[in-house]
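One structure is given here, and the rest of the page talks about it.
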Amino acid sequence: MATRTESDSGPDNHTTTTTTTTNNPNQVATPPIYHLSFNQNHTCFSVGLQNGFRVFDTDPFKPSFRRELDTHGGIGLVAMLYRCNLFCLVGGGPDPIYPRNKVMIWDDHVSRCIGELSFRSEVRNVKLRRDMIVVVLNQKIFVYNFLDLKLLLQIETVLNPNGLCEISQNSSPMVLVSLGLQKGQIRVENFGSKKSKLVMAHDSRVVCMSLTQDGGRLATASSKGTLIRVFNTLDGTLLQEVRRGADRADIYSLVFSSNAQFLAVSSDKGTVHIFSLKVDSGSLASLTNDRSHIASEPIHSRLSSLCIFKGVLPKYFSSEWSVAQFRLPEGLQYFVGFGQQKNTIVIIGMDGSFYRCEFDPVAGGEMIQLEYHNFLNAENF
């Protein structure tokens with residue numbers, strides 16, 4: 001691996017928000033969490049801490065490994081590539097171990113950094129697939145070839161403090177989705193056709209997005225947090241709109257199930273919602289040759305009982321609502337992934353909590369909690 005430096009003309013904004021765990025007098029004190037995310041297929045998740053990082057398996061839940069680095073300092077971002085030995089690390093917290101404007105490529109087989117990418121402004125996010133490294137800055141995105149760190153593409157975006165960017169995983173060439181140059185605008189970059197598509201997804205700022213594994217569908221949420229929209233990335237058409245609720249909310253995560261039948265959403269309101277999606281086998285088949293991910297029968301979201309008045313009453317009354325819900329403490333940041341078992345989800349929280357739940361796609365309603373752990377509890381190690 002080589003060391004590369006790329007210039008960036010965006011603002012040098014080094015402000016970060018650090019979330020720490022909630023102290024419970026009945027629990028062992030846990031260290032502050034600077035980063036929390038799943039890998040590409042939700043089989044494990046990574047945690048960035050003040051002196052290293054840890055990785056946990058999700059099904060069954062168990063600690064996988066921990067790395068306490070010799071040099072003291074916080075890890076603000078850990079990008080995993082499935083379960084392989086390569087990670088991308090970025091410093092974080094009040095005392096970062098690496099500069100916030102550098103991506104360090106860590107090889108766990110040799111327990112050291114084997115390369116780095118340097119920028120003029122803070123790294124907001126890193127996305128990995130087997131052939132690409134995508135680095136997200138405040139107003140730019142850089143796409144590199146993984147093998148030799150050759151710069152392949154540079155994209156300008158509107159101010160992007162959340163580091164929003166999604167890439168396809170099981171399609172080749174890659175589909176990349178980023179913010180556009182206007183508020184509420186999404187840019188879809190198709191590396192196969194070498195064409196870009198701009199989509200006006202929302203009137204307000206886009207704060208969360210998710211892409212199916214094949215890159216065919218995109219889900220977006222705005223700063224209002226009431227509606228989730230699903231788009232076809234091939235032509236930018238709106239396929240479906242579902243409603244999380246009526247009150248404004250901060251959306252923390254959106255994620256599709258592997259077969260694109262379901263969409264999970266978490267927010268600061270303390271409820272995880274599962275929505276059923278309308279799966280159109282014809283349109284999906286045109287986007288991917290992998291028919292194993294195409295559902296044979298669509299499952300429909302719950303519609304308001306007043307949908308017969310659609311077009312007369314406000315849009316709220318004809319909305320599509322979630323089929324299943326799980327309640328969590330309000331105001332805390334949780335991220336959702338779909339479990340390896342059918343109709344299950346896993347939830348990880350910035351307070352160190354891990355939940356595994358089961359939902360009924362037919363009857364709907366409240367999910368059943370199958371498992372709970374405090375993943376930073378000392379007894380796990």
Side-chain angles (χ1 to χ4, degrees), residues 38 41-42 166 201 208-222 225-233 237-246 249 251-267 269-285 287-288 290-308 310 315-328 334-347 355-370:
F38 289 100
N41 56 8
H42 309 147
E166 294 295 329
C208 199
M209 62 173 69
S210 179
L211 195 63
T212 53
Q213 292 283 305
D214 61 19
R217 288 187 174 194
L218 167 72
T220 63
S222 75
T226 54
L227 297 174
I228 313 298
R229 290 178 176 147
V230 180
F231 297 91
N232 181 330
T233 60
T237 56
L238 177 64
L239 300 176
Q240 194 171 352
E241 182 180 88
V242 297
R243 181 174 289 276
R244 181 212 55 81
I251 303 298
Y252 292 138
S253 68
L254 294 173
V255 62
F256 286 96
S257 62
S258 61
N259 59 10
Q261 277 192 324
F262 300 103
L263 180 72
V265 181
S266 68
S267 73
K269 295 299 182 182
T271 302
V272 173
H273 295 272
I274 303 291
F275 296 93
S276 289
L277 300 180
K278 299 170 184 175
V279 179
D280 182 348
S281 339
S283 65
L284 282 181
L287 293 166
T288 176
D290 185 3
R291 291 184 172 269
S292 64
H293 292 285
I294 299 174
S296 58
E297 294 293 337
I299 303 175
H300 300 289
S301 296
R302 302 296 191 263
L303 293 174
S304 165
S305 60
L306 297 177
C307 65
I308 57 174
K310 187 175 183 180
K315 201 172 182 179
Y316 173 87
F317 293 103
S318 59
S319 296
E320 294 186 52
W321 297 83
S322 61
V323 296
Q325 309 81 34
F326 185 72
R327 314 290 173 180
L328 294 159
Y334 294 95
F335 303 96
V336 188
F338 279 88
Q340 304 307 297
Q341 305 302 314
K342 187 176 181 181
N343 301 331
T344 62
I345 63 167
V346 288
I347 305 167
Y355 298 87
R356 194 163 63 88
C357 306
E358 182 178 22
F359 64 93
D360 188 325
V362 178
E366 295 295 324
M367 297 185 224
I368 299 172
Q369 180 178 314
L370 303 176

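Bear in mind that the values here come from a model prediction, so they are computed numbers and not experimental data.
Taking CD1 of I251 as the start and OG1 of T226 as the end, the distance is 8.5 Å to the nearest 0.5 Å. The OG1 atom of T233 sits 10.0 Å away from atom CZ of R217, with the distance rounded to the nearest 0.5 Å. Between L211 atom CG and L254 atom CG the span is 11.5 Å, to the nearest 0.5 Å. In this structure, CG on L239 lies 5.0 Å from CG on N232, to the nearest 0.5 angstrom. Here CD of E166 is found 8.0 Å from SG of C208. Values are rounded to the nearest 0.5 Å. The CE atom of M367 sits 10.5 Å away from atom OG1 of T344, with the distance rounded to the nearest 0.5 Å.
When all heavy atoms of R244 and G225 are compared, the closest pair comes out as NE-O, 2.5 Å. Nearest heavy-atom pair across F256 and L218 is CZ-C, 4.0 Å. Scanning all heavy atoms of the two residues, the minimum distance from H273 to S322 falls at ND1-OG, 2.9 Å. When all heavy atoms of A221 and I228 are compared, the closest pair comes out as CB-CD1, 3.7 Å. Of all non-hydrogen atoms in H42 and V255, the two that sit nearest each other are CE1-CG2, 3.2 Å. The two residues Q240 and K278 have their closest heavy-atom pair at OE1-N, 2.9 Å.
Taking 4.5 Å as the limit, some side-chain heavy atom of Q325 sits within range of a side-chain heavy atom of E366. Using a 4.5 Å heavy-atom cutoff, the side chains of I347 and C357 are in contact. Looking only at side-chain heavy atoms (C-beta outward), L370 and Q341 stay at 4.5 Å or farther from each other. Looking at L328 and Y355, their side chains come closer than 4.5 Å, going by heavy atoms from C-beta outward.
For the side-chain contact (heavy atoms from CB on, under 4.5 Å) criterion with F338, the lone passing option out of I274, V346, L263 is I274.
The side-chain contact (heavy atoms from CB on, under 4.5 Å) search around S253 returns S266, F335, V336, not counting sequence neighbours. For F231, there are no ring pair (Phe, Tyr, Trp, His ring centres under 6.0 Å) partners two or more places apart in sequence or in a different chain. Y252 is linked by a ring pair (Phe, Tyr, Trp, His ring centres under 6.0 Å) to nothing, counting only residues two or more places apart in sequence or in another chain.
R327 and T271 are linked by a side-chain donor-acceptor pair at a separation below 3.5 angstrom, with hydrogens and angles left out of the test.
Of the possible polar contacts, one joining the R229 side chain to the A201 backbone as a donor-acceptor pair under 3.5 Å is found. Side-chain atoms of Q369 do not come within 3.5 Å of backbone N or O of F326 as any donor-acceptor pair.
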| task | Could you go through the side-chain contact (heavy atoms from CB on, under 4.5 Å) check for F262 and I345 one step at a time? | result | CA-CA 11 Å; F262 300 103; I345 63 167; over 6 Å; no
